[in-house]
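First comes the structure, then the notes that go with it.
When reading the values below, keep in mind they use all heavy atoms of this one structure, side chains included, and skip hydrogens, waters and symmetry mates.
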Protein chains: 2
Amino acid sequence: MLYSLKFAPEQAPDTEAASCPWGDVRAMLHALGLRPTQQRLALGCLLFAKGRRHITAEMLYEEARGERINVSLATIYNTLKQLTDAGLLRQVAVDGSKTYFCNNTTEHHHFYLEDRHELVDIPEGSVDINNLPIPPEGYEIAKTDLVIRLRRKTA
Amino acid sequence: MLYSLKFAPEQAPDTEAASCPWGDVRAMLHALGLRPTQQRLALGCLLFAKGRRHITAEMLYEEARGERINVSLATIYNTLKQLTDAGLLRQVAVDGSKTYFCNNTTEHHHFYLEDRHELVDIPEGSVDINNLPIPPEGYEIAKTDLVIRLRRKTA
DNA sequence: TTACGTGCAAATAATTTGCAGTCCC
DNA sequence: GGGACTGCAAATTATTTGCACGTAA
């Protein structure tokens with residue numbers, strides 16, 4: 001909440017860097033060859049500020065609206081795709097419907113809380129996957145996704 | 001192809017058992033409390049006959065139409081859901097769009113061939129997952145899904 | 001200015017649902 | 001016959017796209 005207020009349209013956009021752990025969102029966009037528009041600056045900050053790290057387009061949209069950021073859902077989708085293509089976000093498929101985006105691009109895996117429809121990082125190193133099978137001829141591993149689905153204990 | 005011809009509407013439905021590795025589809029449906037309608041018998045046979053084991057609703061629909069089985073997409077979805085709920089099929093999320101159903105309900109994992117949009121079983125035992133993390137308070141593991149995404153080698 | 005971006009609304013795609021008609025028990 | 005089942009078409013949900021207008025370099 002705090003961090004994103006600095007991106008409200010009426011605020012000076014040059015002050016955002018300090019509030020975003022990822023560093024300077026403006027620099028990040030520049031490095032990607034993307035214009036630092038108000039929408040992208042704001043979304044970049046929401047996405048890379050500490051706090052929430054697994055988000056759907058719809059969730060990000062609601063979060064942005066809550067922060068009075070003027071942005072359309074189409075732009076949310078565009079931006080998420082651009083950042084994903086750039087390798088700054090990781091897309092996680094959990095069920096056949098919503099798509100989650102994760103701002104942690106290190107090798108790690110996820111818990112999925114079925115009752116809350118929520119993704120949670122599994123701390124790095126706490127799961128070992130051994131004996132990764134050799135891919136069929138002509139293929140190489142692009143990435144490995146491990147999702148441990150959790151249900152509420154009934155006992 | 002061969003196996004499903006026996007389920008064409010004009011054929012005697014009592015002969016299907018021999019052609020379906022799962023056993024007697026009629027008995028299976030009975031055990032689930034589902035009426036052995038022509039559609040369900042035919043779909044049950046397509047799903048549990050050897051051969052294809054990872055299928056989407058759309059794929060099953062096309063396969064059924066190819067076999068002259070008269071069935072609607074809505075019924076495909078209904079049936080897939082019923083069989084999944086009954087534990088006879090396993091649903092696998094691969095990307096944010098299509099949902100795959102797998103007729104292998106043993107613990108196993110998948111390759112996903114990104115270029116062909118195809119799921120392939122990884123032989124059981126060829127991947128070890130160790131140190132499964134302890135779920136947060138109040139939760140237990142419902143299932144673990146490991147998908148190894150493969151891309152075509154560019155080299 | 002001028003190409004890149006954005007918002008809106010319409011288009012897709014996958015799946016679900018409501019309901020009238022059909023088929024097993 | 002009666003309720004379970006099916007098919008169709010309309011409704012939903014998630015996402016993409018086309019295009020007129022806005023805005024950063």
Side-chain angles (χ1 to χ4, degrees), chain A residues 7 9-10 12-14 16 25-44 54-62 64-65 68-86 89 91-101 117 119, chain B residues 7 9-10 12-14 16 25-44 55-62 64-65 68-86 89 91-101 117:
Chain A
F7 285 83
E10 69 281 354
D14 277 325
E16 83 269 13
V25 173
R26 180 178 296 273
M28 166 188 94
L29 292 174
H30 186 263
L32 301 179
L34 297 174
R35 281 190 188 169
T37 62
Q38 295 202 332
Q39 288 81 344
R40 292 208 271 234
L41 286 169
L43 295 178
H54 300 89
I55 203 167
T56 64
E58 202 70 41
M59 288 162 68
L60 183 55
Y61 181 61
E62 290 311 324
R65 310 212 96 227
R68 318 277 195 74
I69 295 164
N70 194 332
V71 65
S72 72
L73 202 44
T75 295
I76 301 267
Y77 277 106
N78 281 337
T79 303
L80 287 173
K81 185 172 196 313
Q82 289 157 346
L83 296 178
T84 301
D85 289 347
L89 292 177
Q91 211 168 341
V92 184
V94 153
D95 55 26
S97 52
K98 298 177 185 183
T99 299
Y100 285 78
F101 294 87
H117 302 288
L119 263 194
Chain B
F7 284 83
E10 68 280 356
D14 276 323
E16 83 270 9
V25 173
R26 181 177 296 272
M28 167 189 93
L29 292 174
H30 186 262
L32 301 179
L34 297 174
R35 281 189 186 171
T37 62
Q38 295 202 330
Q39 289 80 346
R40 292 211 271 234
L41 286 169
L43 295 178
I55 204 166
T56 64
E58 202 70 41
M59 288 162 68
L60 183 55
Y61 182 59
E62 290 311 324
R65 310 212 97 228
R68 319 278 194 75
I69 295 163
N70 195 332
V71 65
S72 72
L73 203 43
T75 295
I76 300 268
Y77 277 105
N78 281 337
T79 304
L80 286 174
K81 185 171 197 313
Q82 288 157 346
L83 295 178
T84 300
D85 289 347
L89 291 178
Q91 212 167 341
V92 184
V94 153
D95 55 26
S97 51
K98 299 178 184 182
T99 299
Y100 286 77
F101 294 86
H117 302 287

Whole angstroms only, please: what is the [atom1]-[atom2] distance between [X] and [N]?
{"X": "L34(B)", "N": "dC5(D)", "atom1": "CG", "atom2": "C1'", "answer": "10 Å"}
{"X": "L32(A)", "N": "dG5(C)", "atom1": "CG", "atom2": "C1'", "answer": "15 Å"}
{"X": "Y61(A)", "N": "dT13(D)", "atom1": "OH", "atom2": "P", "answer": "16 Å"}
{"X": "L60(B)", "N": "dT15(C)", "atom1": "CG", "atom2": "P", "answer": "12 Å"}
{"X": "I76(A)", "N": "dT13(D)", "atom1": "CD1", "atom2": "C1'", "answer": "17 Å"}
{"X": "I55(B)", "N": "dT15(C)", "atom1": "CD1", "atom2": "P", "answer": "13 Å"}
{"X": "D95(A)", "N": "dT13(D)", "atom1": "CG", "atom2": "P", "answer": "14 Å"}
{"X": "L43(B)", "N": "dG7(D)", "atom1": "CG", "atom2": "C1'", "answer": "14 Å"}

Pairwise distance [atom1]([X]) to [atom2]([Y]) - rounded to 0.5 angstrom:
{"X": "L83(B)", "Y": "R40(B)", "atom1": "CG", "atom2": "CZ", "result": "8.5 Å"}
{"X": "E62(B)", "Y": "M59(B)", "atom1": "CD", "atom2": "CE", "result": "10.5 Å"}
{"X": "N70(A)", "Y": "R68(A)", "atom1": "CG", "atom2": "CZ", "result": "12.0 Å"}
{"X": "Q91(A)", "Y": "L80(A)", "atom1": "CD", "atom2": "CG", "result": "8.5 Å"}
{"X": "Q82(B)", "Y": "L34(B)", "atom1": "CD", "atom2": "CG", "result": "5.0 Å"}
{"X": "T56(A)", "Y": "I76(A)", "atom1": "OG1", "atom2": "CD1", "result": "9.5 Å"}

T75(B) vs dG7(D): side-chain N/O to OP1/OP2 distance below 4.0 Å: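 So the side-chain polar atoms of T75(B) do come within 4.0 Å of the phosphate oxygens OP1 or OP2 of dG7(D), strictly under.
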Are R40(A) and dT6(C) close enough that a side-chain N or O sits under 4.0 Å from OP1 or OP2?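 So the side chain of R40(A) is within the cut-off, an N or O lying under 4.0 Å from OP1 or OP2 of dT6(C).
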For the residue pair L32(A) and A86(A), what are the closest heavy atoms and their distance?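 The pair with the smallest heavy-atom distance is CD2-CB, 3.5 Å.
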Any heavy-atom pair between the side chains of Y100(B) and H117(B) that's under 4.5 Å?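 In short, these two side chains touch, coming nearer than 4.5 Å.
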pair R65(B)-V71(B): side-chain heavy atoms closer than 4.5 Å: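 No, side chains not in contact.
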In the 5'-to-3' direction, what one-character label does each nucleotide of nucleotides 14-25 of chain D receive under the scheme B = base within less than 4.0 Å of a protein heavy atom, S = sugar-phosphate only, - = no such atom? SBBB------BS
In degrees, rounded to 10°, what is the bend between the two ends of the helix from dT1(C)-dA25(D) to dC25(C)-dG1(D), using five pairs at each?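 Taking the rotation axis at each end, their angle is 20°.
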